[in-house]
Amino acid sequence: MSEKALMKGNEAIAEAAIRCGCRHYFGYPITPQTEIAAYMAKRMPKIGGTFLQAESEIAAINMVYGCASTGRRAMTSSSSPGVSLKAEGMSYLAGADLPALIVNVQRGGPGLGGIQPSQSDYFFMTRGPGHGDFHIIVLAPATVQEMADLTRLAFELGEKYRMPAMLLADGTMGQMMEPVVLPEEQTDPAEVMKGKPWAVTGTGMKRPHNIINSLYLKPDELEKTNIERFKRYEQLERDETRWEEYLMDDAEICVVSTGITARVSKNAIAECRRRGIKVGMIRPITLFPFPKAPLAKAAEKVKCFITVELNMGQMSEDVELAVRCSKPVAMCNRVGGMIPSTDEVVAAIEKEAK
Amino acid sequence: MTYETVMAGFGGQGLLFSGKVLAYAGLLEGRELSWLPSYGPEMRGGTCNCSVIISDEPVGSPIIAHPNVLMVMNEPSLDKFEDAVAPGGTIFVDSSLIARKVRRADVDVVYIPATQMATEMEAASLANMIMLGAIVEKLGCVKSETMLDALKHTISARKANLLDLNLKAVEAGRRFMADSAASPA
Amino acid sequence: MAVVFEKPKALTDAVLHYCPGCTHGIVHRLVAEAIDKLGIEGRTIGIAPVGCSVMAYDYFACDMIEASHGRAPAVATGVKRSLPDSIVFTYQGDGDLASIGLCETVSCACRGENVTVIFINNAIYGMTGGQMAPTSLVGQVTQTSPYGRDPATQGMPIRICELLASLDAPAYLARVAVNSVPNVRKAGQAILKAFRNQVEGKGFSLVEVVSTCPTNWGLTPEKACQWVAEKMIPFYPLGVYRDKDADAAKEAAK
């Protein structure tokens, strides 16, 4: 077990990635995630890795595409406006069934927006992070520890299911420091190459050529690849959905929240409990796959849900879908970089408790 | 006990760093903690603050609505945060930079001419450390030895030559606090 | 009976989908010959673009990656940084390299990535059916310049070799053509050099191949070759625009 370190969330992602055997980082500066690039720029040259500041976010994600094609653990990171530019690349990664890590430390939008925390890319990341019919794995950390732990999980799930994985954090998670236990160092770099017969590494004149590709001009073939991919998504949902339940045993109201707002909600729930309100929380850790089953189960006993999120109501739609609108879903939200205070969340819970 | 500390002033006064030293001391003591900076386009000269929570309980939100410790190093920051301080909390004021007095009657107030003291020590940029020394001495939120340890761990390689001066600044803050406790005004 | 002509080993047996008279087949062959001559097929990774040569991954026997439109130099960078001992080439058309991917092209060249770029300039978008390319000539009629390319509204054609020659990093920049047997021979030598440079670690090498598109030009293959000689080459002069090897040799001879 490693010792606890004090790190910013962004730095924890970078160090965790390195310890997971990632030796290739490609990125372009943008607030509030630049610490990841700065950390990689410092560390990678010392461990024989590659840090490359690309000419654009588009180039960066395509460098990731090239690197991932060789079977290496590749990553890039950005924030909302930059991730828009990566959409094309994410679609190609998904179409070519390539694993890669993309970090999105969200800021307010649309357009240039602001630089303060946001969760407004929820739809973009969970619904359609690019053209075509596909998903990426989306993980939402709520602690610096999870920034590190989910970095490892993103690499592992991405490789297991052959799909890109995203760490979807908000600006607060990237900027804050907390104690963190970093994952064990991956000592064997050959480890990450295992089980990747598809990788382009040169034929060595020993096997037929491998092709990394997303082009299928015959519609029946393309249909087949889409259906096969969605079967993997089903398995992903069955086996890999993750969430945290907090004080749900006797809860009559269920808060649903991720990232920084889940942290604020915990404080609010503690305060409401002191006031005698039976309230708990389900915190989705995987946003795709979304924890539909535990929400549906909660719907059988709670009288309502409240989503606390930094957007105009995006995850709330997933909650409504998960519970088939069987119970009302209220919202407590702030946008543009604002974060609801504990008092605001308490007020929202009290309103529903009446 | 949970210490919810906000340190606020101008960019360049080392507020994020003094917060980090405090947080690191918490880490060394195995306490629960969080450190959250304000971040923005102003690297120097703009307003700047950080929030440090040190607790024996797991930290929920790292955002502090009602600090029970406020350290202010310019007047706009006092204006901004004075009313938010929890009743019974403590406000540490750099009185060489802030002319006015705290208006609240339900909080404890410590006035420290930190910037002036630092200038006299020929370490004008270390007023933040004097303030920190005073906070730790008065509140005991972390042990002062751990804080000195924390300082050794957190100071950047580029500024390692300033470690002794930093330690002296912390000591000056502690002494100021101890002296004023011994002879209340 | 003696074998006097055979298919290069670095090409697969797949039947090319290119139009009759198209010069892609010639350039594919020249690339494959270079790979064979240098004996590098087993460690070569090719990157196919979006454009007529989008399916080049089926034709080259080495490992292949299909890139999104214009991004091949970025993908090549990712591969080369992951596998420094591999030989990485991109094969890109004029829309891909000189328009949508110009930023990736210039940045890759500027970094001096040790990769080989084969640039097919036929002054038109072939795959989408004959629209104006960044390299279409002044007055050239295409689907999207039906009255002829007008510099006042559509700008002047772009000369990639000259543009990249303003950078310090590239090791080798050459413009060749494949409209005649002597030109094909010279093109083969240039392509071989561009690959050899990479094997020897010399850095970014690009060969611009002035090519034809009989289908979208509306000319017979023979007339298309004439059009290259009469219209294309005067605007896109053939020659070597950068050769660090030759420069070093000259310097040494002084």
Side-chain angles (χ1 to χ4, degrees), chain A residues 22-26 28 44 48-74 76 87-93 95-96 98 100 130-131 192-193 198-217, chain C residues 9-12 14 17 35 39-50 54-88 90 100-111 113 115 127:
Chain A
C22 172
R23 290 293 178 275
H24 297 88
Y25 171 93
F26 307 95
Y28 188 88
M44 282 301 196
T50 294
F51 162 82
L52 205 161
Q53 180 167 326
E55 57 269 31
S56 68
E57 276 98 348
I58 298 172
I61 190 83
N62 280 282
M63 290 172 187
V64 165
Y65 178 89
C67 178
S69 297
T70 72
R72 267 57 178 178
R73 284 191 166 168
T76 182
E88 174 197 75
M90 289 192 283
S91 175
Y92 277 73
L93 284 164
L98 288 174
H131 63 280
V192 302
M193 290 301 296
W198 45 264
V200 294
T201 51
T203 62
M205 307 306 277
K206 287 179 189 139
R207 57 160 171 78
H209 67 166
N210 281 343
I211 299 172
I212 301 294
N213 180 35
S214 61
L215 178 72
Y216 297 86
L217 289 177
Chain C
K9 291 195 174 55
L11 287 179
T12 64
H17 70 285
I35 292 172
I40 52 174
E41 184 190 321
R43 59 182 177 122
T44 297
I45 294 165
I47 300 165
V50 171
V54 67
M55 284 185 294
Y57 53 77
D58 276 338
Y59 307 143
F60 290 103
C62 57
D63 275 357
M64 293 293 293
I65 300 172
E66 205 321 273
S68 57
H69 200 19
R71 318 298 173 218
V75 174
T77 301
V79 174
K80 191 72 184 184
R81 298 293 181 112
S82 308
L83 300 169
D85 296 331
S86 62
I87 301 300
V88 181
T90 72
I100 194 168
L102 187 59
C103 177
E104 282 79 1
T105 303
V106 172
S107 302
C108 183
C110 194
R111 285 191 301 267
E113 298 289 344
V115 298
M127 190 202 209

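Each chain gets a letter, A, B and so on, in the order its sequence line appears, and its residues count up from 1.
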Name the member of [options] that forms the most heavy-atom pairs with chain A at distances under 4.5 Å.
options                       : value
C:E41, C:M55, C:K80           : C:E41
C:A72, C:S107, C:C108, C:C110 : C:S107
C:G46, C:S86, C:A61, C:G70    : C:A61

With a 4.5 angstrom heavy-atom cut-off, is it the side chain or the backbone of [X] that approaches chain C, or both, or neither?
X      : answer
A:A199 : backbone
A:S56  : side chain
A:L217 : side chain

Contact winner vs chain C - [options], heavy-atom pairs under 4.5 Å:
options              : result
A:R72, A:E55, A:K206 : A:E55
A:T50, A:L52, A:I61  : A:L52
A:S69, A:C67, A:G49  : A:C67

Rounded to the nearest 0.5 Å, how far apart are [atom1] of [X] and [atom2] of [Y]?
X     : Y      : atom1 : atom2 : answer
C:E66 : C:I47  : CD    : CD1   : 10.0 Å
C:I45 : A:T201 : CD1   : OG1   : 6.5 Å
C:S68 : A:E88  : OG    : CD    : 3.5 Å

Taking ring-ring contact (aromatic ring centres under 6.0 Å, His included) as the definition, give me every residue that meets it alongside A:Y25, ordered by chain and number, with sequence neighbours left out.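 Expected list: A:F51.
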Side chain C:T12, main chain C:D58, donor-acceptor under 3.5 Å: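 Answer holds: yes.
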Main chain of A:H209, side chain of A:T203: is a donor-acceptor contact present, judged purely on distance under 3.5 Å?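 Not at all, since once roles are kept as given, no pair shorter than 3.5 Å links the two residues.
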Could you check, using the six-membered ring where one of them is a Trp, whether A:Y92 and C:H69 have ring centers closer than 6.0 angstrom? no
What part of [X] gets within 4.5 angstrom of chain A, counting heavy atoms only: side chain, backbone, both, or neither?
X      : answer
C:C103 : both
C:I65  : both
C:R81  : both

Here the salt bridge (Lys or Arg N to Asp or Glu O under 4.0 Å) pairs for residues 207-216 of chain A, sequence neighbours left out, are A:R207-C:D63
